[in-house]
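Every value quoted in this text rests on a predicted model; they were computed, and no experiment measured them. In what follows, residues are counted from 1 in the order of the sequence shown.
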Amino acid sequence: MKSNLLLFLLFLSHFSVFAQNEVYQKLAAELKKYEVVYSNYSANNYPVLSGNAEMGALTDPLGRGAYNIEINDLYLTKKDRIVGPGMFLRIADFSGLTPQTYRQNYNLENGILTTKITYEQGSYESEMYFSYADRELFVFSLTNTGNFPLVCDLDLGQFKLNLKEHTGTSIYAVSDKDAFTPLEYFLTTNIPFGGFFSETISPYLTVRPAQTLKITLRLRTNVNKPMDKGAPADFDKLKADHCGAWLENWQSMGTIILPEGDYARAFYRSLHWLQCTAGGDNYLPGETQFGILSSRIAEAYQYRGKARLNNSSWYQNPFTYGAAGWATFAYILFGNETKARKMLANMYRPEALTKNDTIMFAVGKSNYKYGKPKGEYIYLERDNPDAFCFAHEMFFDRTSKTTFPYDMQIHIQGFAPAMFYQFGKLYNSMSDTVYRALRGSAEFWATMLNYDAERKIYSLPPVLSLTEDLFEADLLDGLLAAKWTLEQASEMAKTRNMDKDLREKWAKIAQNITFPDRDDVYLEFRNDDGSRRGAGYQGIRGYAYLGFPTLELMKNFPANKVGKSLDQCWMRNKKGEGMITFIANWFALTDAYWGRAEESNEKMAYSLSQIDESGTAMCEQNGSLYYFLTGYASFTLVPLSMVLQTVGSEIRVFPAVPKAFQNIEFYNLPTIDGVRVSGIMKNGKTEKITFAKNGKIIKEITNVKKNRFVWKNNKLIEK
């Protein structure tokens, strides 16, 4: 009996490894299919973003390095990040010339950029990557494939560095002693420098025919250990370690195999750039993390495209419901528990969260004017030390910037706790932290909401909507966020047998929150007559909250009323005209959770219209902020929501697949309590669904008749 059991366990182990490898090969084929390829040189080729979540940059279209490298914990002040130094080669003989032959490949599987260029005067091949195994390391090589020596001036970028020491093949420099973030720069090369001028740090390197230049650059911030100033490591080993780390990362996540086409291209690139930019150990990503295109970078790269230059500091700052928040949701729902945990740990800073409510909202009577006077209101009667308030835009210490009215976007206090809730539900992990996050958020809402004795409901004073140009009382998105948070916190407290008085208070408040509506549709805010203009950058946004992430409220809403509200909103927004990509994706998510497959697909398609002219980088909207990470992360979630949803204890498989995706597969995606699901659909028919937990298959269905299941008492039940 024991031997049979052992054989069975060995079979399961080998089967699991085989299945994992088989799925990865499918994913690898998709990543290969959609890698970024520039086969003809154009000054409009948008620089490719690469990174390892801790540091990264826009790489050079001519393969000469990275002009400025961003490090996600490099700050100028406690308010703003700063772009760091770089490693960039200027080859005088080729300056201003157009290559005769040209090919640049960016590998989505491992983030390695290769470039092959031929000029009349010579040629070279280069390779570069930000190491995924050693997050402080940038690795670069250039081989002279021509017949004449290449003289390469080494440009370290615009960041001010002070030279401490150099040898014939290394440079060690540091930031100013009074810099907010200390920085060390250590570069090594296998070819000796020539013409080294210590006062400007501007050496050159001569690469002879058939010779390969090898450079490693180590950038270290917040120095807490000595810099290793040894010789460059073996380049083959560096590359093998780097590729192995990427492989491990891909295999830690679930995946979707989409039908070939534009959606698939955007999806797999979005998944790659998510992992380049988000999930660092210590800090959260900014809106265009590692994607700052300044005039200096554009000039250095000879880029003459039409993209707007990103010169504002806020483009690098973390936003709770921006790149930081959406990337966290993406890691949670795609099954990368480790990175999701890191992101949440970076958000869960109680010392900051308890300060934010009074930073963002006044205590006592306040008289706000937004366009016109809004009257006198009490936002907080007192400072509640138990209340958590997540920041709109975060400082270095995670407290909120005071940028009225944007820091008064009340819906954030539902969006943020929903991340913790989803993580706890899917992974059955971090339960204490999850509860504390919900508890603090519920206490915030209990302090903020006012009881309207005349209407016998709890009401919100005028605050800022998700729409960002709407400052009104009883906002739809705010009330949805409040009710969801109070209900989930109360339910979790009951399950944990804690905070009896508080949970009863939260439940009572939640029961007496109603949403502004008419008989047939929901309203954007109290006394909304529907005449407010939609479309454009702000548009009408709040209706997105009728689904994601406040999913547990959906059972209380009539589907036809929600559908009509979403349809009217889409028309008011002129079907996405001028919309920000992440808002279109958010609406697409909500449509999918309501089973509105074609409506979801239509809204997701808007993001495909917001890609630069070289077909590479998705923007915020209308040419601004390419590599807008909030758009990428939210885009990845839409196909996922079409194939798998977890709402409460219910698991929905292929709940909202549009006609365009009738042949689709997904593997190893997480759902409630650590259960992982895989599914295959062919010609619109579900062929197979597999459920697994702890690496073992617990149920496999091939004759699929029902696509909805409930996980109850550690058992899977067909609904």
* Structure fact -> salt bridge (charged side-chain N to carboxylate O under 4.0 Å, His left out) filter on Asp153, not counting sequence neighbours, yields none

* Distance-only, no hydrogens or angles: does the Thr630 side chain make a donor-acceptor pair with backbone N or O of Ala323 under 3.5 Å? -> yes

* Trp586 vs Tyr321 aromatic rings, parallel, tilted or perpendicular, using cut-offs 30° and 60°? -> tilted

* Asked: Given Tyr263 and Phe635, is the side chain to side chain contact (heavy atoms under 4.5 Å, CB included) satisfied, shown in steps?
  -> CA-CA 10 Å; Tyr263 285 106; Phe635 185 87; 4.3 Å; yes

* Asked: At their closest point, which heavy atom of Leu637 faces which heavy atom of Ala330, and how far apart are they?
  -> CD2-CA, 3.7 Å

* Just do the side chain to side chain contact (heavy atoms under 4.5 Å, CB included) check on Tyr38 and Tyr46 with the steps written out, would you? => CA-CA 10 Å; Tyr38 293 145; Tyr46 202 87; 4.1 Å; yes

* To do: Run the salt-bridge test on Asp134 and Arg218 with the 4.0 Å N-O cut-off and return the result as yes or no.
  => yes

* Asked: If only atom types and distance count, is the side chain of Asp612 paired as donor or acceptor with the main-chain N or O of Ala617 below 3.5 Å?
  -> yes

* **Intermediate values then yes/no, side chain to side chain contact (heavy atoms under 4.5 Å, CB included), Phe666 and Ile257** => CA-CA 6 Å; Phe666 71 92; Ile257 307 301; over 6 Å; no

* Is the Tyr102 ring parallel, tilted or perpendicular to the Tyr41 ring (thresholds 30°, 60°)? -> perpendicular

* **Test: Lys214 cationic atom under 6.0 Å from Phe235 six-membered ring centre, within 45° of axis** => yes

* Structure fact -> Smallest heavy-atom separation, Tyr301 atom then Ala66 atom, equals OH-CA, 3.5 Å

* Which heavy atom of Asn107 sits nearest a heavy atom of Glu35, and at what distance? -> CA-OE1, 4.0 Å

* If only atom types and distance count, is the side chain of Asp176 paired as donor or acceptor with the main-chain N or O of Asp178 below 3.5 Å? -> no

* Anything under 30° is parallel, anything over 60° is perpendicular, the rest tilted; go ahead and classify Tyr172 against Phe186. => perpendicular

* Which heavy-atom pair separates Val83 from Leu74 by the least distance, and what is that distance? -> C-CD2, 4.3 Å

* Within the side chain of Asp80, is there an N or O that forms a donor-acceptor pair under 3.5 Å with the backbone of Leu76? -> no

* Are the side chain of Tyr185 and the backbone N or O of Gly86 linked by a donor-acceptor pair below 3.5 Å? -> yes

* Asked: If we ignore angles and hydrogens, is there a donor and acceptor under 3.5 Å between the side chains of Ser123 and Thr145?
  -> yes

* To do: Taking all heavy atoms of Asn72 and all of Ala53, pick out the closest pair and write down the distance.
  => ND2-O, 3.0 Å

* Structure fact -> Tested for side chain to side chain donor-acceptor pair (under 3.5 Å) against Glu620, the lone hit among Tyr626, Tyr537, Tyr315 is Tyr537

* **Under 3.5 Å: donor-acceptor pair, side chain of Glu136, backbone of Arg220** => no

* To do: With side chain to side chain donor-acceptor pair (under 3.5 Å) as the test, would you mind laying out the steps for Asp73 and Thr221 before giving the verdict?
  => CA-CA 7 Å; Asp73 60 346; Thr221 54; 2.8 Å; yes

* Heavy atoms from other residues, nucleotides or ligands near CZ of Arg308 exceed 12 (cutoff 6.0 Å) -> yes

* Start with the C-alpha gap between Thr581 and Gln610, add the side-chain angles, then the distance that decides, and say whether side chain to side chain donor-acceptor pair (under 3.5 Å) holds. => CA-CA 7 Å; Thr581 46; Gln610 297 297 307; over 6 Å; no

* To do: Could you label the plane-to-plane angle of the Tyr75 and Tyr283 rings as parallel, tilted or perpendicular, counting under 30° as parallel and over 60° as perpendicular?
  => tilted

* Are Lys26 and Glu22 ion-paired here, with the side-chain N under 4.0 Å from a carboxylate O? -> no

* Asked: Above 12 or not: heavy atoms from other molecules or residues under 6.0 Å from CD of Glu248?
  -> no

* Any idea how Tyr627 and Tyr632 line up, ring-wise: parallel (<30°), tilted (30 to 60°), or perpendicular (>60°)? -> tilted

* **Intermediate values then yes/no, side chain to side chain donor-acceptor pair (under 3.5 Å), Glu109 and Tyr268** => CA-CA 10 Å; Glu109 191 176 1; Tyr268 294 111; over 6 Å; no

* To do: Assign the ring pair His242 / Tyr132 to parallel, tilted or perpendicular, where the plane angle (0 to 90°) is split at 30° and 60°.
  => perpendicular

* Looking at Thr143, Leu205, Asn144, Leu150, which hits side-chain contact (heavy atoms from CB on, under 4.5 Å) with Leu213? -> Leu205

* To do: Please lay out, stage by stage, how Lys239 and Glu127 fare under the test side chain to side chain contact (heavy atoms under 4.5 Å, CB included).
  => CA-CA 11 Å; Lys239 189 172 181 179; Glu127 180 179 278; 3.0 Å; yes

* CG of Leu344 to CD of Glu337: how many Å apart, nearest 0.5 Å? -> 10.5 Å

* Structure fact -> In short, Ala278 meets Tyr331 closest at the heavy-atom pair O-OH, 2.8 Å

* Can you check whether Ala391's main-chain N or O pairs, donor with acceptor, with Thr320's side chain at less than 3.5 Å? -> yes

* To do: Using a strict 4.0 Å threshold on nitrogen-to-oxygen distance, state whether Glu260 and Arg265 make a salt bridge.
  => no

* Is the count of non-hydrogen atoms from other residues, nucleotides or ligands lying under 6.0 Å from Glu299 atom CD greater than 12? -> no

* N-O pairing of Glu30 and Lys33 below 4.0 Å -> yes

* Asked: Looking at CD1 of Ile580 and SG of Cys619, how far apart are the two atoms once the value is rounded to the nearest 0.5 Å?
  -> 10.0 Å

* **Full working for side chain to side chain donor-acceptor pair (under 3.5 Å) between Ser131 and Asp241** => CA-CA 8 Å; Ser131 173; Asp241 290 347; over 6 Å; no

* **Matching residue for Glu70 among Gln316, Arg81, Gln289 - test: side chain to side chain donor-acceptor pair (under 3.5 Å)** => Gln316

* Decide if atom CZ of Phe396 counts as having more than 12 heavy atoms of other residues, nucleotides or ligands within a radius under 6.0 Å. => yes

* Is a side-chain donor-acceptor pair under 3.5 Å present for Ser252 with Asn336? -> yes

* Asked: So with a 6.0 Å cut-off around CZ of Arg90, is the heavy-atom count from everything else above 12?
  -> yes

